[in-house]
Structure formats: structure tokens, C-alpha cells
Participant: 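Before I ask anything, let me first share the structure, which is written out below as C-alpha cells.
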Number of protein chains: 2
Amino acid sequence: MTLPPALAFLLLFSLAFLPRGDGGKVLVFPVDGSHWINMNILVEAMHSQGHQVTVLRTSTSWYVSEFSPYYTSITIFQDKPQHLESQDSMTEFLNRALEIRRNRGSFWGFFDFYKNFFELFGENHKDVAKLIISIFENKTLLRKLNESGYDIVLTDPVFPGGVLLAHYLKLPLVLNVRWIISGEAHFAFAPSPLSYIPVVFSQLSDQMSFIQRVHNMIHYGMLVYMYHYVSNPPYQAVCDEYLGKNVSIMSLMQAADLWLMRVDFTFEFPRPTMPNVVYIGGFQGKPSKPLPLELEEFVQSSGDHGIIVMTLGTLLSDPGPELSEMIASAFAKLPQKVVWRHVGKRPAALGNNTMLVDWLPQNDILGHPKTKVFVTHGGTNGIYQAIYHGVPVLGMPLIFDQDDNMVRLKARGVAETLEVASLTVQSLTNTLKTILEREHFYKQNMIKLSQLHHDKPIKPIDNAVFWMEYVMRHKGAAHLRTESYRLPWYAYYCLDVLAFFVVLALLGVAWIWASCKCCIRCLTKKRKTKLE
Amino acid sequence: MTLPPALAFLLLFSLAFLPRGDGGKVLVFPVDGSHWINMNILVEAMHSQGHQVTVLRTSTSWYVSEFSPYYTSITIFQDKPQHLESQDSMTEFLNRALEIRRNRGSFWGFFDFYKNFFELFGENHKDVAKLIISIFENKTLLRKLNESGYDIVLTDPVFPGGVLLAHYLKLPLVLNVRWIISGEAHFAFAPSPLSYIPVVFSQLSDQMSFIQRVHNMIHYGMLVYMYHYVSNPPYQAVCDEYLGKNVSIMSLMQAADLWLMRVDFTFEFPRPTMPNVVYIGGFQGKPSKPLPLELEEFVQSSGDHGIIVMTLGTLLSDPGPELSEMIASAFAKLPQKVVWRHVGKRPAALGNNTMLVDWLPQNDILGHPKTKVFVTHGGTNGIYQAIYHGVPVLGMPLIFDQDDNMVRLKARGVAETLEVASLTVQSLTNTLKTILEREHFYKQNMIKLSQLHHDKPIKPIDNAVFWMEYVMRHKGAAHLRTESYRLPWYAYYCLDVLAFFVVLALLGVAWIWASCKCCIRCLTKKRKTKLE
């Protein structure tokens with residue numbers, strides 16, 4: 001029996017989209033919220049390569065759905081949501097963050113900022129440690145995980161539950177990462193001189209004056225404090241109880257086989273790195289699709305002026321009445337049309353040129369040729385979409401890494417930043433006008449940056465998949481990982497060797513001194529004897 | 001008019017092999033000897049992508065021919081060959097090196113080794129500086145180079161004449177590199193903690209005991225001495241005279257746009273690196289072709305025993321009668337057949353199983369399934385061919401980086417090393433037997449290493465071409481390069497910031513001390529007054 005050619009083609013075509021039979025098994029331990037949005041992209045990519053993906057989700061999860069065409073899930077019961085999954089604690093955190101921004105630059109503002117951050121993250125670290133204990137106590141689940149024959153654990157170590165689990169299950173570890181419990185991930189595995197590597201929250205660039213380096217060091221001190229007294233203790237307790245006395249969460253992370261870093265060097269400042277780091281920044285990028293008809297008509301109606309796209313992310317989709325009115329008034333003054341993702345009361349000052357939407361096909365609209373500026377809170381998902389499509393950015397950062405992200409874009413000359421806490425109609429209008437009118441600067445720089453971003457020998461998502469499969473094929477990537485983290489700190493910095501040379505030098509000096517003294521004594525003795 | 005399909009296909013086929021019309025212009029300033037062998041591979045690859053390559057060669061060049069289908073050459077007159085191009089000075093250096101190897105481990109042997117090395121390289125650096133001066137004084141040549149509109153300078157900075165020239169011509173700089181004038185190239189641009197980064201000539205691995213770290217530091221000291229007193233001065237004189245007072249050869253190298261590193265991490269120990277470094281180790285690798293008939297017959301006659309391939313490189317193709325007899329006797333004792341690249345008198349002890357050749361299709365014979373062991377001096381070109389084809393190695397290192405290369409292979413469990421200076425028939429036979437008999441170790445490890453080496457998302461040579469073209473497209477790669485090398489050393493290490501904090505702490509202590517003193521004085525005064 002032979003198939004008709006058209007049917008055979010269809011069969012082959014559909015086979016190409018089916019998972020391949022030779023796939024491996026990936027266990028994913030995700031972090032909720034925006035971190036899941038990008039983890040899900042990796043999950044989909046691994047599924048499309050024929051791998052079976054299992055996602056460990058919590059019963060209170062915000063974003064990670066139980067059912068998906070791309071993975072099977074295992075749900076772990078949690079009696080209440082983690083702090084970062086709870087709308088109440090996030091709203092409290094956000095309000096406090098806005099208040100603190102008003103006192104920026106003051107001595108107490110500085111400590112208040114860290115206090116607010118430590119409180120939220122400290123609680124969430126405790127939640128994650130509790131979750132891991134519940135897994136380690138669940139013998140049925142552990143047996144199931146052990147018997148499933150996973151090839152790797154893929155996890156986001158900003159909350160490193162998955163790191164502990166991978167060690168427990170003795171599986172190779174792949175991290176989808178930018179932040180870990182001590183700050184920026186590079187600091188854990190690559191030399192990071194504070195003279196040109198700005199730490200998170202410092203809002204500094206890679207070129208610092210003396211005073212800026214002093215600031216950088218102070219911020220670094222706060223992160224060291226955070227690591228030792230806020231984020232590490234809950235995990236250390238788990239390690240001590242379940243993994244043995246000599247295990248620490250930091251050494252487990254440092255022993256990871258692969259770090260998939262969610263940045264690239266069109267965005268991040270150049271810095272030392274290591275062989276087992278793969279830069280996948282922009283892996284979320286994809287060409288834009290046509291807009292829904294109504295939106296396309298609105299966008300086209302903007303004529304030569306083009307449009308402005310605004311969203312402040314999931315957490316601040318409703319920025320409150322005062323801020324909303326201010327933003328609406330500013331937009332109303334512009335000849336451009338505006339598409340604004342806004343949840344909440346419709347501002348009274350809203351102009352005819354502004355369309356409110358409660359959901360936005362963000363990638364598609366950023367890829368539209370009429371889009372002139374992207375107004376954003378400064379999360380990396382949105383930023384990389386802007387870089388992908390070459391759209392200048394106006395940032396209104398609020399929390400977490402958003403300020404630091406905007407510093408990076410400003411340093412490239414592709415963005416401006418406004419302080420939400422002291423926003424005025426005037427400042428918003430003026431900054432938007434500046435970006436729109438100085439196209440030869442912002443737009444041109446962004447187009448150049450976009451070209452650099454696209455100019456890679458392999459697409460970031462393909463690179464991510466290649467290296468995950470590499471770890472699966474070779475059951476790890478030990479030859480790419482330095483073992484230097486096992487050295488005691490004084491040996492790492494060769495302080496013992498330096499001390500040895502100093503002692504040697506001192507002994508040398510002492511010997512010369514003693515010899516000279518001896519010679520002089522002999523000579524004087526001889527002289528004395530002669531004189532006598 | 002339509003072409004017949006066969007002719008059209010032929011035309012398209014031949015067009016695919018013609019240089020593309022949109023190519024750029026590459027100026028190559030090579031280093032002679034084995035360095036040219038691998039530079040030439042990059043030259044051919046760039047030519048095949050449609051770029052016009054111009055090679056600056058000297059009139060006394062050893063390896064760089066005047067005519068080539070892949071490049072046009074410009075010949076610069078030199079009245080006598082550079083020291084490393086002269087057979088006389090190389091023979092003298094080699095004989096001295098052999099003699100020094102006999103005194104290895106002794107105090108004076110250590111200094112003799114460096115003296116011999118410094119003398120040869122010091123003279124050659126002077127030769128190169130002289131060559132560059134002759135170029136800078138040749139106004140006709142400079143005009144020609146300036147008017148040719150080159151896009152990049154590609155050079156090997158072990159002798160950094162090309163680095164000076166690129167700066168003079170204001171062209172983006174791409175380095176095909178492993179060594180620079182201060183030792184291993186990474187030390188110039190990436191943090192290199194001496195606790196786990198062995199320096200060249202130390203013969204240490206990345207896992208060192210305290211005593212080994214002391215040794216590493218001493219070797220590092222010798223390289224620092226070499227840089228300041230042997231290799232740098234001739235170039236600094238050229239900088240001062242022709243490029244301005246604030247220019248140094250080290251800062252020019254650090255400002256390079258791209259470092260094409262001739263290693264990968266199947267060979268090199270894992271270590272910190274930077275974003276503008278591309279690892280192209282193994283770019284010389286290619287599948288083997290069938291052997292010439294006579295050689296194939298000889299190889300096949302080895303039966304199940306297989307063959308041993310031996311070559312000690314260009315410089316030691318004739319190892320002298322004593323060593324040759326010893327090697328011949330050892331080979332004669334083995335059941336394997338041996339193919340030995342040997343120039344000079346035929347050893348009397350030569351067995352029937354050994355075939356002498358004065359030239360070897362090295363890649364083809366290493367790729368032959370009957371090849372069991374590769375006996376080599378330990379140059380990287382040969383080593384990477386062995387890794388490519390999965391052949392265990394017996395190293396007999398002599399000079400330069402050969403000992404350190406063998407340390408890397410031994411650490412991977414794919415090689416053994418013998419000391420040429422104390423070689424015996426017994427030791428050679430035994431070591432060969434060990435490698436042959438313990439196939440499950442050496443051969444299996446080498447196969448695994450070979451698999452890792454081949455498992456890359458993009459072939460090393462294609463990666464090299466991509467990144468050279470990247471620099472051409474974007475007229476540099478400034479965003480991948482840190483500018484931290486411009487910082488003064490105390491600022492790089494934040495010593496000024498630390499000093500500031502120490503002073504602050506001391507002032508704090510002094511203030512507390514003064515306050516306490518003041519309080520006590522007040523209290524005692526009061527008490528006194530009361531008592532009075």
C-alpha cells in the first residue's frame with residue numbers, strides 16, 4: 001500500500017512537530033511570577049525537542065498551571081501561598097517601596113529600602129525552605145521522583161529549592177538564572193572586581209568614580225549581610241538536617257553544571273565570566289505577529305506620529321488614581337496615539353488619543369513599525385522585547401532589579417528614566433518628547449543595539465536547548481566547571497603563599513641583620529684586642 | 001536563452017566555491033613557524049568566505065610563502081632572519097634546552113631554563129620591534145596600507161608587531177592567540193587567581209597543594225620579570241617614538257576587539273574568561289582522507305595490533321643518533337607497526353615493523369582506525385588532531401609550552417609523558433605498552449574527550465569566521481570589552497576604597513576614644529569639685 005503524495009507530505013509535516021522519541025526527561029523546579037514566564041519558554045523549547053518535562057508546582061501557585069500541553073505537573077500542597085505569590089504581601093511591599101522612593105538619597109531611606117526588601121525575601125526564603133522540607137519528608141513523592149529517571153533538574157535559583165532537590169536526587173543541575181540568594185549570580189562563580197562590576201541596587205554603571213566605588217562597596221556590604229543573616233539561614237538548616245553537615249546552598253549552586261544566564265552583552269556590562277555560563281539574554285525574542293483588527297486600526301490611525309506603548313508590568317497594572325490621572329494628562333498632550341495596559345478605574349483626564357487595554361499582545365505591538373516608544377517598569381522580559389524590535393524605552397522603575405536594568409539601557413543611549421515617586425505631567429511629557437524628537441540618538445542607538453543583539457552565530461533559545469541537551473548527553477559538564485570554590489578563601493587569594501614569602505623575607509632580613517651584627521662584633525673585638 | 005539543467009547546476013556549484021563579492025579586506029601580520037600553520041587556516045577560511053586577505057611577510061620568512069591562492073602578500077625586507085626564524089639560533093637553543101632538561105629540579109637548572117628562554121625571545125622581540133620601525137619609516141608602504149581600506153588587522157600577538165600596526169592604522173584588532181609577551185594571554189584581560197590558574201612553565205594543574213601554589217607564584221614572578229625587563233622594553237621604545245608617550249603595548253593588546261583563543265575546555269583547565277574571547281581550539285580539525293597506497297598497505301599489514309605514529313615536530317625531526325637508536329630499539333620490541341617521521345641518518349637498530357618517512361599526512365593517519373598511539377613533542381596542532389580523532393598520546397615534550405600541554409592531557413587521563421633527557425629503551429617500551437594495554441583507560445577517556453570536543457553548537461573554524469566578520473560588520477566590538485584595564489591598579493583592586501574605610505574606622509575609634517576621655521575627665525573633675 002502506498003500513500004497518496006499529499007497525505008504522505010502531511011504525515012511527514014505533522015511528524016516534524018511531534019516530540020522526538022529519543023528525548024530525555026527534565027525535572028523543572030520553577031519560581032512563580034515573571035520568572036515562570038521565561039522558564040516556560042525553556043519548557044516549551046525542550047518539549048518541542050521531544051523531551052518529557054515534569055514541573056513541580058505548588059497548590060497555591062499564581063502562574064504555573066496544573067495542565068499544559070508542554071509538561072506534566074506534580075502539585076505539592078502548600079497551606080498558604082508564599083509571600084511573593086500573595087497579592088496582599090506584594091501590595092504592602094509595593095506601597096512601602098513607593099513611599100521609600102520618596103525618601104531616596106536620605107540615610108534612613110537607604111536602610112528602609114533594604115529593610116523592606118529583606119523582610120519580603122527573608123519570609124519567602126523561609127516559605128521555600130518549608131516547601132523543600134515538605135518534599136524531603138514526602139517519601140512517596142521522593143520515590144516517584146527517584147524512579148522517574150530524570151536526566152537533569154532545571155531550576156531558577158533566586159529561590160534555590162530546586163538546587164537542594166537536585167543534590168538530593170543526585171541529578172545534573174542546570175540553572176536558568178540571573179539572581180541568586182546573595183545577589184547577582186556571577187558573583188557566586190566568576191571573579192567580580194567591585195571596581196567595575198556594579199552590584200544590584202547600586203544603580204551604578206561599569207565606569208565609576210571614587211565616590212561611586214565607595215557606594216558600590218557599601219551596597220555590596222548590604223548584600224553580604226543579606227546572604228548571611230537573611231537568605232542563607234533557612235537553607236542551611238535544611239542542609240544540616242537532610243544533606244549533611246558539610247553541605248551549603250552556596251557550594252551546591254557553585255557545583256551547578258550549567259548556568260543559563262538571562263542576559264547578553266548588548267544589555268549587561270562586559271564582565272568576567274566562566275566556561276559553564278551560556279548567555280541566553282533575548283531567548284524570549286520572536287518576530288511579531290499581526291495585531292487584532294481593532295488594535296491595528298487604532299495604531300494605523302496614528303499616522304506619521306506613530307504610537308506609544310505603555311505597561312508597568314503585572315504588579316503595577318493599576319498604579320492608583322493619582323498616578324493614573326497624571327499619566328493620562330501627559331499622554332493627552334501628545335500628538336501620538338497611546339496604547340496603555342491599565343487595570344482599574346478609567347482616568348478622567350484620558351485623552352482621545354489613548355486606548356486602555358487590560359491585556360496587551362506586547363511582543364506584537366512592540367514589533368509594529370508605528371511603535372515609537374515603550375514606557376515600561378523595566379523588567380527584563382519587556383526590555384529584551386524592546387531591544388529585539390529596536391524600540392527606545394522610557395523606564396519608570398519601581399522595585400527589584402528594575403532601576404539597575406534601566407541604568408544599563410541608559411548607558412547604551414537607548415532609554416530615559418523617570419522617578420515614579422516624583423512624577424509630574426510636565427516631566428513625563430517632556431521626557432517622551434525628548435525621546436520622540438531626538439530620533440537620531442535614541443532610535444538610531446536602539447537600532448544599532450538591536451542589530452548587535454540579533455547578530456549571533458546561534459539563536460539564544462537554540463543555544464539554551466543545545467547546552468541543556470549537552471548536559472543530558474554527557475551526564476553533567478564537570479570539565480567546564482572550576483573546582484576552585486572548594487578552596488578556603490585564604491588559599492583562593494593565595495594569602496597563605498604571600499604570608500610564606502613575607503616570613504621568608506623577614507627571616508632573610510633577620511639573618512642579614514644577625515650576620516652584620518656578628519661581623520661588627522668580631523671586628524670591634526679584633527680592634528679592641530689590637531688596641532689592647 | 002536558457003541553460004541546460006546540468007550546466008546550470010555546474011555553474012551554481014562552482015559559484016558556491018568562488019569568493020563572495022561582498023567580502024571585506026583583512027590585513028594579516030603573522031608570526032612565522034608553527035604559528036603560521038594555524039594562522040594560514042584562518043586565512044584560507046576568510047578567503048573562502050569572499051574576503052580579500054593581505055599578508056605582511058618578511059623577505060627572510062621561513063614558512064610564509066610569497067605566492068598563495070588564498071592571499072596576496074606584501075614582503076618587507078629584512079637583512080637577516082629573526083632569531084626564531086634562524087636554524088642556527090634554534091639549534092643552539094634546542095641543544096641548550098636538552099642540556100638544561102638533564103639538570104631539571106636543581107636550583108640552577110631553574111634559572112638556566114629561564115635564561116635560555118629569555119635570551120632567544122628577548123632577541124626576537126628586538127627583531128620584531130626593528131621590523132615595525134622599518135614599516136613605520138616606510139612612508140610609501142604606510143600610504144599603501146592606509147589607502148587599501150582594510151576592515152580588520154588579524155595578528156598573533158606572541159610577537160605583537162601587528163598590534164602596533166593596527167593602532168597606527170586605526171583598525172579594529174583581532175588576535176589569533178594563546179601566548180603574549182607576558183605569558184598566557186588570559187592573564188592580560190581576565191582575572192587569573194594563581195591559586196588555581198597554573199602559569200606557563202610551571203607544569204602544574206588547576207588543583208595545587210600549598211607547595212605547588214608557592215611554585216606557581218615563583219614562576220609567575222619570573223614572567224613578570226620577563227615582561228618588564230625582556231619583552232616589553234623594545235616595544236615601549238617604539239610606542240614612545242611613534243605612538244605617543246601614554247601608549248603601551250599591553251594597553252593596546254587589552255584594547256583588542258576580539259581574542260580568538262586557540263584552546264577549548266576539553267584541553268584547557270576551566271578558568272575565568274571575558275565576553276570578547278572566542279574559544280577556537282580544534283579549528284584545525286578536519287576528517288581524515290584516505291592514505292597514500294603504500295602507507296595504507298603498511299598500516300593494514302599491522303593486523304589487529306594496529307600502528308603507532310611518531311613525530312617530534314619540525315624542530316626536532318632529527319633527534320640525533322643516540323636518541324634515534326634508542327627510539328628505534330624500543331619500537332623494534334613491539335608487535336605494532338610504527339610510522340615515524342624522521343629526518344637524518346637511518347638508525348641501525350630499526351626494526352622491520354618501523355617505516356621511516358620524511359613527511360607525514362598527520363591528520364589522515366591519526367584518523368585511521370588502526371592508529372593506537374600518537375607519540376609527539378606536544379605541540380597544540382598535533383594534540384588537537386589527536387583529540388579530534390580520539391587517539392591516546394605519548395608526549396616527549398622539549399621546549400616552550402609543550403610540557404604544559406602534556407600536563408593538560410595527562411590530567412584528562414588520555415596521555416603519558418616521558419622525559420627525553422633521561423629516555424631509555426625500557427621506559428619508552430613500557431610506557432607504550434601501558435597505553436596500548438590499558439585501552440579501557442587511555443583510549444576510552446580519549447574517546448569521551450573527543451566526543452566532548454566535537455559536541456559544539458558551531459564548528460570552531462566557523463565560529464572564528466563568524467566573529468571576525470562580526471568585528472568587520474560592526475567596526476569593532478567595544479560593547480564586549482571591559483575598559484577596566486584603564487583603571488590604575490590600586491583602583492582596580494579597590495584599595496583606595498578600602499583605605500578610605502580604614503581611615504573612617506580609625507577616625508571613628510579616635511572619636512570614641514576622645515569622647516570617652518572627655519567624659520572621664522568631666523566626671524573626675526566633677527568628683528574633684530564635689531570632694532573639694
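Within every chain, numbering begins at 1; the chains are lettered A, B, ... in the order of the sequence lines, protein sequences first and strands thereafter. Keep in mind that the numbers below use all heavy atoms, side chains included, and drop hydrogens, waters and symmetry copies.
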Participant: So which part of A:Leu487 gets closer than 4.5 Å to some heavy atom of chain B, the side chain, the backbone, both or neither?
Facilitator: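 Looking at A:Leu487, just its side chain touches chain B.
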Participant: Which bit of A:Ala190 is near chain B, if near means a heavy-atom gap under 4.5 Å: side chain, backbone, both or neither?
Facilitator: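 Nothing of A:Ala190, per the 4.5 Å heavy-atom cut-off to chain B.
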Participant: Side chain, backbone, both or neither: which part of A:Met217 has a heavy atom under 4.5 Å from chain B?
Facilitator: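 The side chain, not the backbone.
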Participant: For each of B:Phe265, B:Phe269, B:Phe500, tally heavy-atom pairs with chain A at distances under 4.5 Å, and name the one with the top tally.
Facilitator: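 The candidate making the most pairs under 4.5 Å is B:Phe265.
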Participant: Any side-chain heavy-atom pair from A:Pro270 and B:Leu480 closer than 4.5 angstrom?
Facilitator: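 When only atoms from C-beta onward are counted, B:Leu480 and A:Pro270 do not touch, as no gap falls below 4.5 Å.
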Participant: Sequence neighbours excluded, which residues qualify as ring pair (Phe, Tyr, Trp, His ring centres under 6.0 Å) partners of A:Phe441?
Facilitator: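 Testing A:Phe441 for ring pair (Phe, Tyr, Trp, His ring centres under 6.0 Å), a comparison that skips the adjacent residues, returns none.
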Participant: Within a strict 4.5 Å, meaning less than it, do heavy atoms of the A:Ile218 and B:Phe501 side chains meet?
Facilitator: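 When only atoms from C-beta onward are counted, B:Phe501 and A:Ile218 do touch, with a gap below 4.5 Å.
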Participant: Just give me the residue among B:Leu452, B:Leu498, B:Val214 that pairs up with chain A most often, heavy atom to heavy atom, under 4.5 Å.
Facilitator: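 Top option by heavy-atom pairs under 4.5 Å: B:Leu452.
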Participant: Across chain B and chain A, what donor-acceptor pairs are shorter than 3.5 angstrom?
Facilitator:
unit_1	atom_1	unit_2	atom_2	d
B:Ser195	OG	A:Tyr492	O	2.6
B:Arg213	NH1	A:Ala491	O	3.4
B:Arg213	NH1	A:Asp496	OD1	2.8
B:Arg213	NH1	A:Asp496	OD2	3.2
B:Arg213	NH2	A:Asp496	OD2	2.7
B:Thr273	N	A:Thr273	O	2.8
B:Thr273	O	A:Thr273	N	2.8
B:Asp455	OD1	A:Arg473	NH2	2.9
B:Asp455	OD2	A:Arg473	NE	2.7
B:Asp455	OD2	A:Arg473	NH2	3.1
B:Asp455	OD2	A:His474	NE2	2.6
B:Arg473	NE	A:Asp455	OD2	2.7
B:Arg473	NH2	A:Asp455	OD1	2.9
B:Arg473	NH2	A:Asp455	OD2	3.1
B:His474	NE2	A:Asp455	OD2	2.6
B:Ala491	O	A:Arg213	NH1	3.4
B:Tyr492	O	A:Ser195	OG	2.6
B:Asp496	OD1	A:Arg213	NH1	2.8
B:Asp496	OD2	A:Arg213	NH1	3.2
B:Asp496	OD2	A:Arg213	NH2	2.7

Participant: Please name the pair of heavy atoms, one in B:Ile458 and one in A:Pro457, separated by the smallest distance, quoted to 0.1 Å.
Facilitator: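 The answer is CD1-CB, 3.6 Å.
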